[in-house]
Participant: 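This is the structure, below, for whatever I ask next.
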Amino acid sequence: MKIAIICYPTHGGSGVVATELGVELGRRGHEVHFISYSSPFRLHGFQQNVYYHEVDVSAYPLFKYPPYSLSLATKIMQITKDFSLDIIHAHYAIPHAVSAYLARQMLGGSTPKIVTTLHGTDITLVGKDATSFEVVKFSIEKSDGVTAVSNYLAQRTRDEFSLSKEIRTIHNFVDTDRFSGVVTDCNVKQFAPNNEKLLMHTSNFRPVKHLTDTIRIFALVRKHVPARLILVGEGPDRQASYDLAQELGVLEDVLYLGTQDYIENLLGCADLFLLPSGEESFGLAALEAMSCKTPVIGSNIGGLPEVIDNNINGFLHPLGDVEGMANSALELLTNDGLMQSFREEARKKAIEAFAAEKIIPRYEEFYREILNI
Ligand code: GMT
């Protein structure tokens, strides 16, 4: 099949899933065309059957807000014509699914088919907002096929938008060979010179991630065991987390590493991963940690219970229960036998439920159904 993948190129779950999917599809012999405003950050080097087309946005002085959605639609239309695409796969409803629909309208037909994958905040935050509700609903209704990354998100979408349309759950996936927990480039000693326990969190530090809760959990843990916290990412809540770490007297043990392209090398170094988010449609970061044998402690919200089995391969606590999360962290960090069992169970869940080779065929199957082939 000839497939265009429209995604955000920046660090963020939807872009990661879109990129990893495109690369895997290319390996399986499909022709894949990424379309975005810059090259997706996880698209490293040459990949078999994978091409990239950059969207140019005009910066005409009259435009207070350059119309990216229109430039994207124009680019999709052009690539569709030049490469006879079968499928346009839009990741994240806004503006990708809308631009895909506009491109097809401009082409004047019913091909290529449009598949939209809903990732989370496109429904739970952005989509709910009055400024985008109707256009998100429209883009879902006009897509030939819609997938969501968890059962939770599929149901939430149907409820929020009063939709009866099928929304198929296709969970996030992970390359379990790459995310194996085998530490190569990362030197644990560099982060934990005195054998401190290593806790880790990675995200784009938006308010939805409750980064300050991560700091609070860490501060409670550190009262009882020597520990350090590795923070990977950048975003609006970085400063608030920094200030809080300083206020709680733990800043010297919080390591801000910025955004990292090869997170698999770091995850293998960590003892525990913290994800106390307020919203999480799936929690790809948690899955990648689990695949590296790093158990996750998170909030019992959204799609996280589909990923983490409480008290088996991680712990889930009510949103904001910082004390409960810290206690669970301590339980694991002070009991080697329990930790070992959680580590093995985490890896097992990643392999059995979410390995790339199990999930990618579900997308291929969905494309074929939509194309009727
Ligand atoms: O919130 C993020 O960190 C990024 C966001 C995105 O859309 O780029 O991630 C969402 O998509 C991921 C991939 O499908 C999911 O695993 C994340 O749970 C989801 N984030 C939220 O729902 C907050």
Side-chain angles (χ1 to χ4, degrees), residues 5-22 24 36-37 40-42 89-97 115-129 132 136 139 146-157 160 167-175 179 201-211 213-214 231-238 259-260 263 273-291 296 298-308 314 316 319 350 353-354 356 359-360 362-363:
I5 292 197
I6 322 296
C7 66
Y8 285 111
T10 47
H11 294 80
S14 64
V16 171
V17 170
T19 309
E20 303 274 2
L21 172 64
E24 289 289 338
S36 192
Y37 57 82
F41 85 98
R42 275 228 187 149
H89 191 162
H91 288 262
Y92 209 91
I94 286 199
H96 303 146
V115 172
T116 297
T117 290
L118 306 171
H119 282 273
T121 52
D122 46 353
I123 298 301
T124 56
L125 297 177
V126 182
K128 249 174 61 178
D129 192 282
S132 38
V136 170
S139 71
V146 180
T147 77
V149 298
S150 61
N151 294 325
Y152 158 79
L153 186 62
Q155 190 54 47
R156 174 110 187 239
T157 306
E160 296 271 359
I167 299 176
R168 187 163 307 178
T169 298
I170 304 184
H171 285 120
N172 284 177
F173 57 89
V174 64
D175 179 338
F179 287 80
H201 169 85
T202 158
S203 74
N204 36 25
F205 296 4
R206 289 172 301 159
V208 73
K209 298 292 177 181
H210 291 213
L211 188 59
D213 280 359
T214 294
L231 288 180
V232 177
E234 276 302 331
D237 282 355
R238 183 191 197 279
T259 50
Q260 296 286 331
I263 193 74
F273 191 88
L274 302 177
L275 198 60
S277 309
E279 273 290 351
E280 206 64 69
S281 63
F282 178 92
L284 179 62
L287 173 59
E288 291 183 338
M290 288 166 69
S291 185
V296 180
S299 338
N300 194 1
I301 48 99
L304 280 180
E306 291 171 51
V307 187
I308 299 164
L316 293 171
L319 176 60
F354 305 120
I359 305 287
I360 306 294
R362 299 207 50 216
Y363 278 111

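Just follow the structure's listing: the first ligand is 1, and inside any ligand the first atom is 1. For the single chain, residues carry numbers from 1 onward in sequence order. Model, not experiment: these values are computed from the prediction.
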Participant: Identify, for atom 17 (C) of ligand 1, the protein heavy atom at the shortest distance, and state residue, atom and that distance.
Facilitator: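 Scanning the protein heavy atoms, the shortest distance from atom 17 (C) of ligand 1 goes to Glu280 OE2, 3.3 Å.
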Participant: Flag Leu284 as yes when one of its N or O atoms lies below 3.5 Å from any N or O atom of ligand 1, and as no otherwise.
Facilitator: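 Yes.
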Participant: Under 3.5 Å, N or O to N or O, is Thr124 touching ligand 1 that way?
Facilitator: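 No; the residue has no nitrogen or oxygen that sits under 3.5 Å from a nitrogen or oxygen of the ligand.
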Participant: Take Val136 and Val126 through the side chain to side chain contact (heavy atoms under 4.5 Å, CB included) test and state the conclusion after the steps.
Facilitator: CA-CA 9 Å; Val136 170; Val126 182; 5.6 Å; no
Participant: What protein heavy atom is closest to atom 6 (C) of ligand 1, reported as residue, atom name and distance in Å?
Facilitator: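 Checking every protein heavy atom, the shortest distance to atom 6 (C) of ligand 1 gives Ser14 N, 3.3 Å.
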Participant: Tell me whether Glu306 contacts the main-chain N or O of Asn151 through its side chain, where contact means a donor paired with an acceptor under 3.5 Å.
Facilitator: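 Flag set: sc Glu306 to bb Asn151 pair under 3.5 Å.
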Participant: Quick test: of every protein heavy atom, which one is nearest to atom 1 (O) of ligand 1, and how far off is it to 0.1 Å?
Facilitator: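 Ranked first by proximity to atom 1 (O) of ligand 1 is Arg206 NH2, 2.0 Å.
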Participant: Below 4.0 angstrom from a heavy atom of Lys209, which ligand 1 atoms are there? Numbered from 1 as shown, please.
Facilitator: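 This gives 1 (O), 2 (C), 3 (O) as the contact atoms.
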Participant: Could you walk me through whether Val149 and Ile170 satisfy the side chain to side chain contact (heavy atoms under 4.5 Å, CB included) test, starting with their C-alpha distance in whole Å, then the side-chain angles of each, then the deciding distance to 0.1 Å, before giving a yes or no?
Facilitator: CA-CA 5 Å; Val149 298; Ile170 304 184; over 6 Å; no
Participant: Going through the distances and angles, do His201 and Leu211 end up as a side chain to side chain contact (heavy atoms under 4.5 Å, CB included)?
Facilitator: CA-CA 9 Å; His201 169 85; Leu211 188 59; 3.6 Å; yes
Participant: Can you check whether Ile5's main-chain N or O pairs, donor with acceptor, with His89's side chain at less than 3.5 Å?
Facilitator: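 Checked: no pair found.
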Participant: Is there a polar contact, in the sense of an N or O pair closer than 3.5 Å, between Glu279 and ligand 1?
Facilitator: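 Not met; the criterion fails.
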Participant: May I ask you to check whether His96 and Tyr8 place their ring centers less than 6.0 Å from one another?
Facilitator: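 That pair passes the under 6.0 Å test.
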Participant: What do you reckon, does Phe282 have a nitrogen or oxygen under 3.5 Å from a nitrogen or oxygen of ligand 1?
Facilitator: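 Right, the criterion is met.
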Participant: Do side-chain atoms of Ser203 reach the backbone of Phe205 as a donor and acceptor pair under 3.5 angstrom?
Facilitator: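 Between the backbone of Phe205 and the side chain of Ser203 there is a qualifying donor-acceptor contact (under 3.5 Å).
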Participant: Find all atoms of ligand 1 within a distance of less than 4.0 Å from any non-hydrogen atom belonging to Gly12, and give their numbers and elements.
Facilitator: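 Near Gly12, meaning under 4.0 Å from one of its heavy atoms, ligand 1 has 8 (O).
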Participant: Applying a heavy-atom cut-off of 4.0 Å, say which part of Tyr92 lies close to ligand 1: side chain, backbone, both or neither.
Facilitator: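 Looking at Tyr92 and ligand 1, just side chain atoms fall under 4.0 Å.
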Participant: So which protein heavy atom does atom 16 (O) of ligand 1 come closest to, and at what separation?
Facilitator: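 The answer is Asn172 OD1, 2.7 Å.
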Participant: May I ask you to decide if Cys7's main-chain N or O and Ser36's side chain share a donor-acceptor pair within less than 3.5 Å?
Facilitator: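 Yes: the side chain of Ser36 pairs with the backbone of Cys7.
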Participant: Side chains of Ser150 and Ser281: donor-acceptor distance under 3.5 Å anywhere?
Facilitator: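 No.
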Participant: With a heavy-atom distance limit of 4.0 Å, tell me whether Val16 approaches ligand 1 through its side chain, its backbone, both, or neither.
Facilitator: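 It is neither part, as no heavy atom is under 4.0 Å.
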Participant: For atom 5 (C) of ligand 1, which candidate among Gly13, Gly303, Ser277, Cys7 provides the closest heavy atom?
Facilitator: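 Ranked by closest heavy atom to atom 5 (C) of ligand 1, first place is Gly13.
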Participant: Is Ser203 near ligand 1, meaning one of its heavy atoms is under 4.0 Å from it?
Facilitator: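 Not so, Ser203 does not reach ligand 1.
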Participant: At less than 4.0 angstrom from any non-hydrogen atom of Asn204, what atoms of ligand 1 do you find?
Facilitator: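 Numbered from 1, ligand 1 contributes 2 (C), 3 (O), 4 (C).
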Participant: Numbering the atoms of ligand 1 from 1, which are under 4.0 Å from a heavy atom of Thr121?
Facilitator: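 Those qualifying, in numeric order: 23 (C).
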Participant: Distance-only, no hydrogens or angles: does the Asn204 side chain make a donor-acceptor pair with backbone N or O of Gly235 under 3.5 Å?
Facilitator: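 Answer holds: no.
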Participant: Kindly state whether the ring of His119 and the ring of Tyr92 have centres lying under 6.0 angstrom apart.
Facilitator: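 Ring centroids of His119 and Tyr92 are no less than 6.0 Å from each other.
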Participant: When you measure from atom 19 (C) of ligand 1 to each heavy atom in Gly120, Gly283, Ser281, which option holds the nearest one?
Facilitator: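 Closest candidate by heavy-atom distance is Ser281.
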Participant: What residue and atom, counting heavy atoms only, is the protein's closest point to atom 14 (O) of ligand 1, and at what distance?
Facilitator: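 Going atom by atom, the protein heavy atom closest to atom 14 (O) of ligand 1 ends up being His119 ND1, 2.7 Å.
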